[in-house]
Amino acid sequence: MTTNTILWLLISLLLAVGLSFFQYYYKAKTKSNMNFVLAFLRFVTIFGILLLLINPILSRSIFEIVKTPLPIVVDNSSSITDLKANEIALNLYKKLSQNKDLKEKFDIQSYRFDSDFQQSDEFDFNGNQTNIDQVALNLKSIYKNTVFPTVLITDGNQTTGSDYVYSFEKNNNVYPLVVGDTTKFFDLKVTQVNVNKYAFHKNKFPVEVFLSYSGNKNVNANFSISQGNLILSKQTVSFSTSKKSAILNVLLPADKVGLQVFKAIISSKEKEKNTYNNTKNFAVEVINQKTNIAIVSSINHPDVGALKRAIESNVQRKVTIVKPNDIKSLRDYNILILYQPTTEFKSVFDSNKLARINTFIITGTNTDFNFLNEQQSNLVFKMSEQKEDYLSEFISQFNLFAIDNIGFENFPPLQNPFGTITTNGTVSILLSSKIRNIATNSPLLVFTENLGKRSAFLLGENSWKWRLQSHVDSQSFDKFDIFIDKIIQYLASNNAKKSLVVNHENFYNSGESIEISAQYFNKNYEFDEKASLTISIMNIKTKQSKNYDLLKGNNSFKVNLDGLLAGQYNFIVKELNSNTSYTSHFEILDFDIEKQFVNPDVEKLNQLAQQNRGEVYYSNQVDNLIKSLLDNQNYKAIQKTVEVKTPLIDWIWLLFSIVISLVTEWFIRKYNGML
């Protein structure tokens, strides 16, 4: 206690004694033992209250021995079991954690890791991913500014996360304890398959395959890609002691619509210890991009034939040329190309006001512009009867979709009546017009969108000359045909806003994180935070179903479906308040990344030990590791002086004493008629 505190205690003592004496002795008419008891009780009350106010603190110093922490981190992934090293790993952990000398020198703490990191002394070796990088990040956070060693019992085969060699802190000396058979076995492996998730029907899609080989002799391997019982590609790959890997590029046909699952297989006549990694499944969603397009024209013109050929250069497009009065139902078409509309097109325009099919309007010298002004409001035409030739100028700022300048400035002019064309609302101009070298400030090719309905306008006829000129310039129609296809693709896209938007993949690999997110919008198309979303999932084969709630995040609702078995699943996402629903499916491919290894990654663990001033030990060298840790003088216990401050009297007991003394004094005074 400080001098001031002692002084206040003395003052409090004197004050309590003085007040008690003054009330029960000085002012008392008779002095008796009763007065002494009452004075003592009043002294306890006053002195106790003053003690509560002063709160005197006693300080004392104690000595504390702080041992160097020794985290023993065990790989809990299933690859340890696959390498038949789970029992060895458990025995190594027990030998280290129960060693008396180590426990005397170090503060031993046990951890385990797979895809996550946690403190534990129980291990089941069922983890479906290995992330050693997480070990480094967590130890860095737990033992900040501390010099300590780490024993890492692992096979070194990481399947997710950043490169762990450079993740550990410099003050963390890592001692990898390798488990698993380090004998090099003959092994062929499909290391990785790169493929786009989507492909278009009746096209071919590329597949990139990485193969690896472990062995000490030359070998010829057979590689194939199959779908069911059908082999789609097959070739022979040679490996040797100097050629340990190969990269193959294969083109596969997209003949079927929907999710297509393929299998990449490598094999040879040699016997292998691990054949699981000889196969890798992959999947592609084949999209049917079939678009039915009607070219509506009341006249015969070369433009119509040129457009049909350009559009149908993509096998996913089908073009029908019809006269305005011959169209029975607009539902048969995805896009309407209205070539030089006149009053004969009135029935088509009237029907499309309900159907809301995206349109591509092409004008020319036979167009009725007064009728066109009545049927749409995106462009206003004030045209004369004089004909004019319009050259094109490419607008590089156009950003509705990616398009290259295919030499529009060199194309022949399009013919259209002379006049002024003004735009209403939001429009995007791809080509502007000019007469000779004078800009008209009028569009030549323009795109508009109104309430989800898209339209395009080409203001001039004789575009067939453009296709011909493109062929002259590049010896191919491809550039012009791709240009037309991009316009069709834009018009074929459905931009309708949905109240329930669900994001998911069509297939996942086993062991991957399976996350489905959803957004629900109100009638003003604002994100509704109060929505109640659920998801029901059913395995197509077993018919087993599970229900989950989607949890709200920042701007979406999410659900994590990790743990589902490989197979095909149908699911329904529902918003319970509005009963809005979304139905789809996904497939989980059978793939266990932890079964891809036949040996521990000793090379990587050696790099880790060298980087962090440690040393690699094998399972039969655990005694050497213990001796090294015990002999290392860098890991010494530290004696610290800790100052402990405690109250002179616990405030609870002091308060209890004050209450007891007050109550006792009151009863005595009441009993003796002194109140």
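In this chain, numbering begins with 1 at the start of the sequence shown. Heavy atoms only: backbone and side chains are in, while hydrogens, waters and symmetry mates are out. Note that the structure is a prediction, hence the values are computed from the model and not measured.
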### Message
Could you work out, with ring-ring contact (aromatic ring centres under 6.0 Å, His included) as the rule, every residue matching Phe411, not counting sequence neighbours?
### Response
Phe408, Trp466
### Query
Can you tell if the side chain of Leu445 reaches within under 4.5 Å of the side chain of Phe483, non-hydrogen atoms only?
yes
### Task
Quick one: which residue pairs count as a side-chain hydrogen bond (donor to acceptor under 3.5 Å, both in side chains) with a foot in residues 325-337, not counting sequence neighbours?
none
### Query
Tell me the salt bridge (charged side-chain N to carboxylate O under 4.0 Å, His left out) pairs involving residues 193-203, sequence neighbours left out?
Lys197-Glu505
### Message
We want to know whether Ser556 and Ser517 form a side-chain donor-acceptor pair, criterion being a heavy-atom distance below 3.5 angstrom.
### Response
no
Under 3.5 Å, which donor-acceptor pairs link side chains of residues 366-375 to any protein atom two or more places apart or in another chain?
| residue | atom | partner | partner atom | Å |
| --- | --- | --- | --- | --- |
| Thr367 | OG1 | Gly364 | N | 2.8 |
| Thr367 | OG1 | Gly364 | O | 3.2 |
| Asp368 | OD1 | Asn370 | N | 3.3 |
| Asp368 | OD1 | Phe371 | N | 3.2 |
| Asn373 | OD1 | Phe381 | N | 3.0 |
| Asn373 | ND2 | Phe369 | O | 3.3 |
| Asn373 | ND2 | Phe381 | O | 2.9 |

#### Entry: Set of residues satisfying salt bridge (Lys or Arg N to Asp or Glu O under 4.0 Å) with respect to Glu312, sequence neighbours excluded
Lys308
#### Entry: Audit row: Thr448, Phe457, side-chain contact (heavy atoms from CB on, under 4.5 Å) steps and yes/no
CA-CA 9 Å; Thr448 68; Phe457 295 83; 4.2 Å; yes
### Query
Is there a donor-acceptor contact under 3.5 Å linking the side chains of Ser578 and Thr580?
yes
### Summary
By side chain to side chain donor-acceptor pair (under 3.5 Å), Thr291 pairs with (sequence neighbours left out) Arg317
### Task
Without swapping roles, check the side chain of Ser226 against the backbone of Asn229 for a donor-acceptor pair under 3.5 Å.
no
### Message
Would you say Asp473 and Gln469 are linked by a side-chain donor-acceptor pair, where the criterion is simply a distance under 3.5 Å?
### Response
yes
### Query
Under 3.5 Å, is there a donor-acceptor pair between the side chain of Glu461 and the main chain of Thr365?
yes
